[in-house]
Amino acid sequence: METVKKTEQLYEGKAKRVYATANPDYCIVSYKDDATAFNGLKKGTIAGKGAINNRVSNYLMQMLEQNGIPTHFVMECNERETVVKKVSIVPLEVIVRNIAAGSLAKRLGLEEGTKLKRPVLEFCYKNDALGDPMVNTYHILAMEFATQEELDLICQYSFKINDVLSEYLKAVNIELIDFKLEFGKTADGTILLADEISPDTCRFWDSVSGQKLDKDRFRRDLGGVEDAYQEVLKRLLGE
Ligand code: TMP
């Protein structure tokens, strides 16, 4: 494929910048080392995070593509930049949970680590000013965040991603506790997995020791943040 170059910056989020390219169907995402938690209240930097998340997310998205999930991934440009398909983001954070942790443990008074009898799917409306409030399918349809058909596909993809990813990670001694997905829509209306899948957006626990290998180390000041991200990269890509 020909080289794709960044033109103007379209958007800057908390962890990534998005640039236009000369090709109207493609954007370039650039991963930052910046880390935030609690809707931006806690701020910091995780050295090397951008490069690690870029590699990990691209690796997992390619693996998911091979398992029948359409994603935005096109081509890795360099350490922290990737060409992706241009999409409009469906304004939902789709959370899949296998084990109670984080906000679910708190909301339902469950001990962190409690295995759920079946996977739980949650939706939040992606809106920083409102603190990403939880919504259900009725809200989503009434507010036209997605159509019924789009939502059906998003749920189907999310459960399939959970099955494929959980199985894949098990082989490298990582337990997939929960994770957050975002989907996008191309100009022709195709729904694709977008955003990223990384230690920023998933809870990864070591299957043997239970050690946290994800952003909870930053959120909860547990130390060893960079090492945990590096460990995930190493287990997946051998680097
Ligand atoms: P929670 O337990 O805080 O609701 O988080 C559930 C999962 O979603 C967890 O894997 C972390 C991820 N997540 C994000 O990627 N972005 C966010 O803004 C939040 C709140 C959670």
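Keep in mind that what you see is a predicted model, and the values were worked out from it rather than measured. Every number for a ligand or one of its atoms is a count from 1 in the order of the listing. Start at 1 with the first residue, then count along the sequence.
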### Message
Whether D178 and R203 form a salt bridge (side-chain N of Lys/Arg under 4.0 Å from carboxylate O of Asp/Glu) is what I want to check.
### Response
yes
Show me the side-chain donor-acceptor pairs of residues 165-177 shorter than 3.5 Å, one per line, residues at least two apart or across chains.
from, atom 1, to, atom 2, distance (Å)
S166, OG, N162, O, 2.7
S166, OG, N162, OD1, 3.3
Y168, OH, Y59, OH, 2.7

### Query
Pairs in or reaching into residues 222-233: which pass salt bridge (Lys or Arg N to Asp or Glu O under 4.0 Å), with residues at least two apart or in two chains?
E231-R235
### Message
Taking non-hydrogen atoms within less than 4.0 Å of ligand 1, which protein residues qualify?
### Response
E93, I95, R97, A101, G102, S103, D178, F179, K180, D200, T201, C202, R203, R219
### Message
I need the minimum non-hydrogen distance between I197 and T201, along with the two atoms involved.
### Response
CA-OG1, 3.6 Å
### Pairs involving residues 66-79, ordered by first then second residue, that meet salt bridge (Lys or Arg N to Asp or Glu O under 4.0 Å) (sequence neighbours left out)
R55-E76
### Summary
One should read off an interatomic distance between F218 CZ and D200 CG, to the nearest 0.5 angstrom, of 9.0 Å
